[in-house]
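Below is one structure; the comments refer to it alone.
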2 protein chains.
Amino acid sequence: MNHTELLKGTLSTIILRLLEEKGRMYGYEITQMVKEKSGETILIKEGSLYPALHKLEADGLIVSEEVFIGKRVRKYYNLTKPGKKATRTSVDELLAFMQTIHNLITSELNPAHGAA
Amino acid sequence: MNHTELLKGTLSTIILRLLEEKGRMYGYEITQMVKEKSGETILIKEGSLYPALHKLEADGLIVSEEVFIGKRVRKYYNLTKPGKKATRTSVDELLAFMQTIHNLITSELNPAHGAA
DNA sequence: GTAAATACATAGTTTTGTGATATATTGTTA
DNA sequence: TAACAATATATCACAAAACTATGTATTTAC
């Protein structure tokens with residue numbers, strides 16, 4: 001991630017949202033899709049992704065299914081029912097939060113003098 | 001903060017932006033303004049604010065000026081020249097990042113079947 | 001056959017916000 | 001006037017979350 005700190009708290013939401021949109025996905029696929037959809041600006045590292053996926057699974061929001069592609073294991077993830085609900089909450093909260101921040105940092109500059 | 005993790009990385013930008021808008025401000029004033037402007041949703045804690053202010057000052061982006069109001073010390077902060085430049089970069093980066101996240105989490109749902 | 005890409009995983013570190021706590025002044029109100 | 005809330009700053013211990021680095025192994029491309 002080039003933005004480093006900024007992503008905090010948004011990664012799980014992004015993962016949930018992609019799973020909602022695409023149905024089953026595996027880890028590496030998620031990193032590639034985020035990379036592509038973000039115009040190469042958001043590059044999720046393995047050290048961030050896998051712990052995040054494991055936590056979502058431990059929380060019962062996603063379930064994994066191991067599939068062998070030749071000799072290579074691939075772990076596909078799907079949303080659970082609670083996961084689908086959590087996705088909506090999570091996405092809505094993030095959008096609301098970003099709107100609030102947007103308002104905070106883009107309000108008019110010094111309206112005191114020279115308001116057009 | 002209710003949003004907890006989400007604020008990560010955005011606090012310094014918010015502080016810089018408020019200083020850009022209002023000119024000199026003191027810590028407590030910043031917390032109150034953020035609280036008000038965010039509709040009571042973003043509540044900056046002292047344990048977050050003061051370390052953030054001290055770091056910005058250590059980095060030379062803001063300068064403090066102690067003013068006595070009666071017997072109480074009040075520390076006013078102002079942007080330095082590098083601080084003004086950093087504010088622009090910081091705000092622009094945050095807006096761009098939020099736009100990217102917005103695109104990521106609001107793209108159309110399953111366009112494969114049933115595209116209106 | 002060697003390097004790059006695919007695909008998973010974890011340990012240790014850093015960053016950053018929170019909770020708790022401390023100090024002290026000022027304003028309100030019972 | 002005593003008690004409490006609000007104002008105002010500050011720090012420490014803790015937790016959460018992402019990163020770096022490292023490791024393993026297969027598959028693909030040159």
Side-chain angles (χ1 to χ4, degrees), chain A residues 1-16 24-36 38 40-59 61-62 64-77 90 94 97 101, chain B residues 1-16 24-36 38 40-59 61-62 64-77 90 94 97 101:
Chain A
M1 221 80 40
N2 356 10
H3 301 285
T4 318
E5 334 78 37
L6 291 179
L7 202 76
K8 300 276 172 109
T10 66
L11 183 54
S12 319
T13 307
I14 291 170
I15 294 172
L16 291 174
R24 78 177 208 170
M25 292 184 83
Y26 55 98
Y28 187 77
E29 190 184 7
I30 294 174
T31 65
Q32 297 308 302
M33 173 152 292
V34 170
K35 181 181 173 186
E36 185 215 317
S38 69
E40 323 280 294
T41 60
I42 298 182
L43 308 173
I44 300 174
K45 306 297 163 27
E46 303 101 302
S48 315
L49 179 75
Y50 294 111
L53 285 172
H54 298 334
K55 184 170 190 309
L56 287 173
E57 188 167 29
D59 290 345
L61 303 183
I62 62 179
S64 63
E65 167 197 3
E66 294 199 351
V67 175
F68 277 86
I69 307 293
K71 281 174 186 169
R72 175 146 57 202
V73 185
R74 191 182 274 175
K75 281 179 87 174
Y76 278 97
Y77 289 93
S90 195
L94 180 51
F97 175 76
I101 298 293
Chain B
M1 221 78 46
N2 356 11
H3 301 285
T4 318
E5 332 79 36
L6 290 180
L7 202 75
K8 300 275 172 109
T10 67
L11 183 54
S12 319
T13 306
I14 291 170
I15 294 171
L16 291 173
R24 77 178 208 169
M25 292 183 83
Y26 55 97
Y28 188 76
E29 191 184 7
I30 294 175
T31 66
Q32 297 308 301
M33 172 151 294
V34 169
K35 182 182 172 186
E36 185 215 317
S38 69
E40 323 279 294
T41 60
I42 299 183
L43 307 172
I44 300 174
K45 307 297 162 25
E46 305 99 304
S48 315
L49 179 75
Y50 294 109
L53 285 172
H54 299 334
K55 185 173 189 307
L56 287 173
E57 188 167 28
D59 290 346
L61 302 183
I62 63 180
S64 64
E65 168 197 4
E66 293 200 352
V67 175
F68 277 86
I69 307 293
K71 280 174 185 166
R72 174 143 56 200
V73 186
R74 191 181 275 174
K75 282 178 86 174
Y76 278 97
Y77 289 92
S90 196
L94 180 51
F97 175 75
I101 298 293

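Chain letters run A, B, ... following the sequence lines, proteins first and then strands; every chain starts at 1.
Across every non-hydrogen atom of A:Thr31 and A:Ile44, the tightest pair is CG2-O, 3.9 Å. In terms of heavy atoms, A:Pro51 sits closest to A:Glu46 at CD-O, 3.6 Å. Closest approach of B:Lys75 to B:Glu66, counting heavy atoms only: CG-CG, 3.7 Å.
Applying the 4.0 Å criterion to OP1 and OP2 of C:dA7, one finds that A:Tyr26 has a side-chain N or O inside that range. For C:dC8, neither phosphate oxygen OP1 nor OP2 lies less than 4.0 angstrom from any side-chain nitrogen or oxygen of A:His54. When the side-chain nitrogen and oxygen atoms of B:Lys75 are compared with OP1 and OP2 of D:dA10, one or more of them lie within a distance under 4.0 Å. At the phosphate of C:dC8, OP1 or OP2 sits under 4.0 Å from a side-chain N or O atom of A:Tyr50.
The OH atom of A:Tyr28 sits 12 Å away from the C1' atom of D:dT28 (whole-angstrom rounding). Between the C1' atom of C:dA9 and the CZ atom of A:Arg74 lies a distance of 17 Å, rounded to the nearest Å. Computed from coordinates, the B:Ile30 CD1 to C:dG17 C1' distance equals 16 Å when rounded to whole Å. Rounded to whole Å, atom P of D:dA6 lies 10 Å from atom CD of B:Gln32. Going from atom CG of A:Leu56 over to atom P of C:dA9 covers 13 Å, rounded to whole Å. Between A:Phe68 atom CZ and C:dT6 atom C1' the separation is 15 Å, expressed in whole Å. Here C:dA7 presents its P atom at 13 Å from CZ of A:Arg24, a figure rounded to the nearest Å. As a whole-Å value, the separation of A:Lys55 NZ from C:dT10 C1' is 17 Å.
Residue B:Ser48 has its side chain nearest to C:dG17 when only C:dG17, C:dT10, C:dT6 are considered. Nearest to the side-chain atoms of B:Lys45 among the listed nucleotides D:dA6, C:dA9, C:dG19 stands C:dG19.
For B:Lys35, the side chain to side chain contact (heavy atoms under 4.5 Å, CB included) criterion is met by B:Gln32, B:Glu40, B:Leu43, not counting sequence neighbours. Applying the side chain to side chain donor-acceptor pair (under 3.5 Å) rule to A:Arg72 yields no partners; only residues at least two apart in sequence or on another chain are considered.
Here the side chains of A:Ile101 and B:Thr13 are not in contact, with every heavy-atom distance at 4.5 Å or above.
Contacts of A:Gly47 with the nucleic acid, taken as non-hydrogen atoms under 4.0 Å apart, include base atoms.
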Contacts under 3.5 Å, N or O only, protein and nucleotides 22-26 of chain C:
unit_1	atom_1	unit_2	atom_2	d
C:dT25	O2	B:Arg72	NH1	2.6
C:dT26	OP1	B:Lys71	N	3.1

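At least one donor-acceptor pair closer than 3.5 Å links the side chain of A:Ser38 to the backbone N or O of A:Val34.
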